[in-house]
Amino acid sequence: MERVCPICKETKDISEFRKNKYTKHGYDYKCKICKYNYNVEYVFKNRDIVLESIRYIINLIKILVIREVENGIRITQREIK
Ligand SMILES: [Zn+2]
């Protein structure tokens, strides 16, 4: 089975397209290479937003780790007494 990628206009084997359960034919519209390029371009164009969300996640992890550590300290202090 072959499909034409609408981006690079190349006819490629269906194995060059990633499976996608949300499309009618069960495969992505873009071929794997075009999809990859699109993702890279997206990250590059939106690098401020991407960086900001990465920073947000790192901060969230930091808060959680600090909370865990503080809880741990509190538990050990209780055990000592
Ligand atoms: Zn393509």
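Sequence positions, counted from 1, serve as the residue numbers for this chain.
- Because its NZ or CZ atom is not both nearer than 6.0 Å to the ring centre of F17 and within 45° of the ring axis, K30 does not count as a cation-pi partner of that residue.
- Rounding to the nearest 0.5 angstrom, the gap separating the CZ atom in R47 from the NZ atom in K45 is 11.0 Å.
- Note that CG of L51 is 11.0 Å distant from CG of N46, once rounded to the nearest 0.5 Å.
- In this structure the side chain of I66 never reaches within 4.5 angstrom of the side chain of V69, judged on heavy atoms.
- Residues I58 and V50 fall within the same hydrophobic cluster, defined by Ile, Leu, Val, Met, Phe, Trp and Tyr side chains chained together at heavy-atom separations under 4.5 Å.
- With hydrogens and angles disregarded, no donor-acceptor distance shorter than 3.5 Å links the side chain of K12 to the backbone of K32.
- In the hydrophobic clustering of this structure, F44 does not group with I54; members are Ile, Leu, Val, Met, Phe, Trp, Tyr whose side-chain heavy atoms approach within less than 4.5 Å, directly or through other members.
- Taking CD1 of I7 as the reference point, atom OH of Y38 lies at 9.5 Å (rounded to 0.5 Å).
- In this structure, K9 contributes its side chain and P6 its backbone to a donor-acceptor pair below 3.5 Å.
- A salt bridge links E52 with R55: at least one charged nitrogen is closer than 4.0 Å to a carboxylate oxygen.
- E10 contributes atom CD, which lies 11.5 Å from atom CD of E2 (distance to the nearest 0.5 angstrom).
- Residues Y27 and K19 are in side-chain contact: their nearest non-hydrogen atoms beyond the backbone lie under 4.5 Å apart.
- Minimum interatomic distance between R3 and I14 (heavy atoms only, all atoms of both residues): CD-CD1, 3.3 Å.
- Taking CG of N37 as the start and SG of C8 as the end, the distance is 9.0 Å to the nearest 0.5 Å.
- In plain terms, the two heavy atoms of C31 and C5 that are nearest each other are N-SG, 3.5 Å.
- Residues I49 and V40 are members of separate hydrophobic clusters, defined by side-chain heavy-atom contacts under 4.5 angstrom among Ile, Leu, Val, Met, Phe, Trp and Tyr.
- Smallest separation of non-hydrogen atoms from N20 and T23: O-OG1, 3.1 Å.
- Between D28 and R18, no side-chain nitrogen of the basic residue sits less than 4.0 Å from a carboxylate oxygen of the acidic one, so the salt-bridge criterion is not met.
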